[in-house]
Amino acid sequence: MTVDLLLGLQWGDEGKGKIVDVLTSKYDIIARFQGGPNAGHTLEFDGIKHVLRTIPSGIFHKNSINIIGNGVVIDPVVFIKEIADLEKFNIDIYSRLLISRKAHLILPTHRLLDAASEASKGKAKIGSTLKGIGPTYMDKTGRNGLRVGDIELADFKERYTALAEKHKSMITFHDVDLQYNLAELEEEFFTAIEQLKKLTFIDSEEYINNAIKDGKSILAEGAQGSMLDIDFGTYPFVTSSNTTAAGACTGLGVPPNKVQKVFGIFKAYTTRVGSGPFPTELNDETGAKMASIGKEFGSVTGRARRCGWLDLVVLKYAVQVNGVTELYMMKGDVLSGFETLQICTAYEYQGKVIKHLPYNIEPENVTPVFVEKKGWKADLTQMTEYDQFPAEFKEYIEFIESEVGVPIKIISVGPDRKQTILK
Ligand code: GDP
Ligand code: IMO
Ligand code: MG
């Protein structure tokens, strides 16, 4: 029996999809516990790139069961497109993908509300993916939401209409010029709902706890990253769910004492998409070089990701909040060819040097303190063993391990499944 967690430690897009896919053969069940189609998890193998939004990244392995937990929010319209993409690859989705009845539904009006809310904020906008995530979680905690299980009820349509009507007046309240054809969006939504019904709905907390009793192994797949957590992230520039370890307990019904390992995944540098503070951001040629080599464009919105040096203040904070037991470092290959590299180990804050994350990390409040490391020139992407790495890359890895106090067990040197090195 094992329940292990895999979580992003920065601002998302760390490479969670790739690593879940790599680890899936070791597990019976892969389960997503929060977030929704704001996520874009990329997997690459056999020369093909797949991007998953709501479906767990274990889906490509024949023997795995994949669960969408109660903590996830599902947009039926996005979801059926995802299913259609997977069907092209002959994946037996219907027998291997199970959905919690308690997962909440994203309505077309949730997406519209997201757009209206962002437009009304002007410069202060969150930079949301506009997938309706915030409004759907607001309805969940506000006790108004519709859940997957409601689709099976006779009065689903009435419930839908009551909620959509409420949303319409809320959209008006935002007083922004939003053009939309709701009838069209609703038609698309109800067509998708019919297709969604072909999948198996389960009481996932019951299913998962029985699996634990039967000695099955489970990997919980996080979405977003710890700095986007609703409680511990850079609020209000965050998403609307708990992306951190505790979210796996509430988002799946896994009791805390059943969690064993916590895998924390991070990029060898830092990226962020959307608004909000980012102390080590590089608004210069170096940042542009990282973005270009690392192909840092969002897998969901195509937006350019902001890039900067690795921030160990953030990393240590995320390790602490999640109880990370093993670190996985991604995209080290992107740093090949930089003469020198900077690693942020502390912040100057109110005249002092501090090593913890303060309440406020806006640029006017914190100045990063860097340690300089020598770069390396070698191309890492074809390397298959730790011993092949240049001394400077090993020094980079070992410095992080000594600062954070947690071993780095996997080093990824390219997007493909095979470009994964165990240490
Ligand atoms: P996720 O949301 O955490 O699953 O990450 P994304 O898929 O949004 O973004 C990670 C991007 O980096 C994807 O395009 C991956 O294919 C790519 N990637 C993952 N690991 C590596 C790596 O080690 N090196 C390089 N160069 N690219 C990687
Ligand atoms: P994965 O799982 C990166 C960011 C958005 C925005 C903020 C709020 O692929 O790592 P939302 O749509 O949730 O209201 O957006 O969070 N964001 C992500 N950034 N990766 C993600 O997911 C993200 N999901 C949301 O850009 O700044
Ligand atoms: Mg992503």
Side-chain angles (χ1 to χ4, degrees), residues 6-22 32-45 48-54 56-57 72-73 75 106 110-111 113-115 117-118 125-138 221-230 233-241 243 265-278 290 292-306 328-336 379-381 383 410-421:
L6 182 132
L7 309 153
L9 301 182
Q10 295 158 320
W11 279 279
D13 302 328
E14 295 89 351
K16 298 174 289 293
K18 163 174 168 164
I19 293 297
V20 170
D21 171 62
V22 167
R32 269 280 299 270
F33 60 87
Q34 45 69 236
N38 49 348
H41 294 181
T42 315
L43 294 74
E44 246 183 82
F45 52 88
I48 303 172
K49 181 172 156 176
H50 305 271
V51 181
L52 296 170
R53 312 287 298 281
T54 331
S57 302
V72 175
V73 291
D75 185 331
I106 301 176
H110 281 131
R111 288 199 305 267
L113 266 173
D114 212 357
S117 160
E118 281 284 81
K125 72 173 183 183
I126 308 295
S128 160
T129 60
L130 303 179
K131 303 296 168 199
I133 305 296
T136 307
Y137 279 113
M138 278 165 72
E221 173 179 0
Q224 289 81 53
S226 301
M227 298 312 288
L228 291 170
D229 181 279
I230 183 73
T234 45
Y235 193 89
F237 301 100
V238 292
T239 190
S240 298
S241 62
T243 61
I265 177 165
F266 69 102
K267 276 181 193 168
Y269 47 101
T270 311
T271 65
R272 169 161 212 175
V273 58
S275 329
F278 177 0
M290 280 178 189
S292 147
I293 303 174
K295 300 197 177 75
E296 295 296 355
F297 293 93
S299 33
V300 173
T301 56
R303 289 179 294 176
R305 294 178 185 143
R306 300 154 63 191
Y328 297 165
M329 189 173 96
M330 313 300 286
K331 301 190 99 161
D333 55 298
V334 173
L335 296 182
S336 292
D379 173 12
L380 309 178
T381 59
M383 295 186 182
I410 290 181
I411 296 140
S412 171
V413 292
D416 195 273
R417 243 183 209 171
K418 293 196 187 116
Q419 292 168 302
T420 310
I421 291 167

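On a predicted model such as this, the values are computed, not experimentally measured, just so you know. One-based numbering, in listed order, for ligands and for the atoms of each.
Residue G15 has at least one N or O atom closer than 3.5 Å to an N or O atom of ligand 1. When only interatomic distances are considered, the shortest N/O to N/O separation between T239 and ligand 2 falls below 3.5 Å. Below 3.5 Å of separation, one finds an N or O of G17 facing an N or O of ligand 1. Of the polar atoms of E14, none of the N or O atoms is found under 3.5 Å from an N or O of ligand 2, judged by distance alone. Every N/O-N/O distance between L130 and ligand 2 stays at or above 3.5 Å.
Atoms CZ and CG, on F237 and L228 in that order, are 12.0 Å from each other to the nearest 0.5 Å. The CG atom of N38 lies 4.5 Å from the OG1 atom of T129; values are rounded to the nearest 0.5 Å. One distance of note links CG of D114 with CE of M138; it measures 10.0 Å at 0.5 Å rounding.
Heavy-atom distances between H41 and ligand 2 reach below 4.0 Å in at least one pair. In this structure, G8 has no heavy atom closer than 4.0 Å to ligand 2. A heavy-atom separation below 4.0 Å is found between G414 and ligand 1. Residue contacts with ligand 2: T301 is excluded, as none of its non-hydrogen atoms falls under 4.0 Å. At least one heavy atom of K16 sits closer than 4.0 Å to an atom of ligand 2. Ligand 2 has at least one atom lying under 4.0 Å from a heavy atom of R303. The closest approach between a heavy atom of Q10 and any atom of ligand 1 is not below 4.0 Å. Residue contacts with ligand 2 do not include G225, since none of its heavy atoms lies under 4.0 Å from the ligand. Heavy-atom separations between G40 and ligand 1 include at least one value shorter than 4.0 Å.
R417 forms a cation-pi arrangement with F45, by the criterion of a distance under 6.0 Å to the ring centre and an angle within 45° of the ring axis.
In this structure, the side chain of E14 does not engage the main chain of T270 through any donor-acceptor pair within 3.5 Å. Of the possible polar contacts, none joining the Q224 side chain to the D229 backbone as a donor-acceptor pair under 3.5 Å is found. With hydrogens and angles ignored, the 3.5 Å screen pairs no side-chain donor or acceptor of R53 with any backbone N or O of D75.
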Q: Start with the C-alpha gap between K16 and L6, add the side-chain angles, then the distance that decides, and say whether side chain to side chain contact (heavy atoms under 4.5 Å, CB included) holds.
A: CA-CA 7 Å; K16 298 174 289 293; L6 182 132; 3.8 Å; yes
(Q) If you apply the rule side chain to side chain contact (heavy atoms under 4.5 Å, CB included), what do you find for D21 with K18, and how did you get there? (A) CA-CA 5 Å; D21 171 62; K18 163 174 168 164; 5.9 Å; no
Q: Would you please test Q419 and T381 for side chain to side chain contact (heavy atoms under 4.5 Å, CB included) and show each step?
A: CA-CA 7 Å; Q419 292 168 302; T381 59; 3.6 Å; yes
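In D114, neither the side chain nor the backbone holds a heavy atom less than 4.0 Å from any atom of ligand 2. Within the 4.0 Å heavy-atom criterion, neither part of I265 lies near ligand 1. With a 4.0 Å cut-off on non-hydrogen atoms, F237 does not touch ligand 2 at all.
In terms of protein heavy-atom proximity, atom 15 (C) of ligand 1 is closest to T42 CB, 4.0 Å. Among protein heavy atoms, the minimum distance from atom 20 (N) of ligand 2 is reached at D13 OD1, 3.1 Å. V238 O, 3.4 Å is the protein heavy atom nearest to atom 8 (C) of ligand 2. When only non-hydrogen protein atoms are considered, atom 16 (O) of ligand 1 lies nearest to P415 CB, 3.4 Å. Annotation: atom 10 (C) of ligand 1 to nearest protein heavy atom, D13 O, 3.6 Å. Regarding atom 24 (N) of ligand 1, its nearest protein heavy-atom neighbour is D333 OD1, 2.8 Å. The nearest protein atom to atom 23 (O) of ligand 1, hydrogens excluded, is given as S412 OG, 2.5 Å; this is a heavy-atom distance. Regarding atom 22 (O) of ligand 2, its nearest protein heavy-atom neighbour is Q224 NE2, 3.5 Å. Closest to atom 15 (O) of ligand 2 among all protein heavy atoms lies S128 CA, 3.5 Å. Regarding atom 18 (C) of ligand 2, its nearest protein heavy-atom neighbour is L228 CD1, 3.6 Å. Looking only at protein heavy atoms, the nearest one to atom 12 (O) of ligand 2 is T129 OG1, 2.5 Å. Summary of contacts: the protein heavy atom closest to atom 5 (C) of ligand 2 is G127 O, 3.6 Å. Closest to atom 11 (C) of ligand 1, if we only count protein heavy atoms, is K331 NZ, 3.8 Å. Among all non-hydrogen protein atoms, the one lying nearest atom 27 (O) of ligand 2 is V273 O, 3.1 Å.
For a distance threshold of 2.8 Å, the protein N, O or S atoms nearer than that to the Mg ion (ligand 3), listed by chain and number, are D13 OD1, G40 O.
Counting only heavy atoms from C-beta outward, the side chains of Q34 and V72 never approach each other to under 4.5 Å. You'll find the side chain of R303 stays beyond 4.5 Å of the side chain of F297, heavy atoms only. Counting heavy atoms from C-beta outward, S336 and V334 have side chains that stay 4.5 Å or more apart. Proximity of I133 to V73: side-chain heavy atoms (C-beta onward) are separated by under 4.5 Å at one or more points. Considering only heavy atoms from C-beta on, L9 stays 4.5 Å or farther from I265 through its side chain. Side-chain contact between I19 and I410: present, with at least one pair of heavy atoms (C-beta onward) separated by less than 4.5 Å.
Of the residues listed (R306, R272, K267), the one engaging E296 in a side-chain hydrogen bond (donor to acceptor under 3.5 Å, both in side chains) is K267, and it is the only one. The side chain to side chain contact (heavy atoms under 4.5 Å, CB included) with V22 is formed by just one residue from the set D416, T420, L43; it is T420.
Remark: ligand 2 atoms within the under-4.0 Å shell around heavy atoms of W11 are 3 (C), 19 (N). The R305 neighbourhood of ligand 1 comprises atoms 8 (O), 9 (O), with distances under 4.0 Å to a heavy atom of that residue. Short contacts between ligand 1 and K18, defined as distances under 4.0 Å to a heavy atom of the residue, involve ligand atoms 20 (N). Each of the atoms 8 (C), 27 (O) of ligand 2 lies under 4.0 Å from some heavy atom of I126. Heavy-atom contacts of M330 reach the following atoms of ligand 1: 20 (N) (cutoff under 4.0 Å).
Taking each heavy atom of P415 and E44 in turn, the nearest pair found is CB-OE2, 3.3 Å. Across H41 and A39, no two heavy atoms sit closer than the pair NE2-CB, 3.7 Å. Annotation for K131 and I106: closest pair O-CG2, 3.5 Å, computed over non-hydrogen atoms.
Legend: residues meeting side-chain hydrogen bond (donor to acceptor under 3.5 Å, both in side chains) with D13, ordered by chain and number and at least two apart, are R305.
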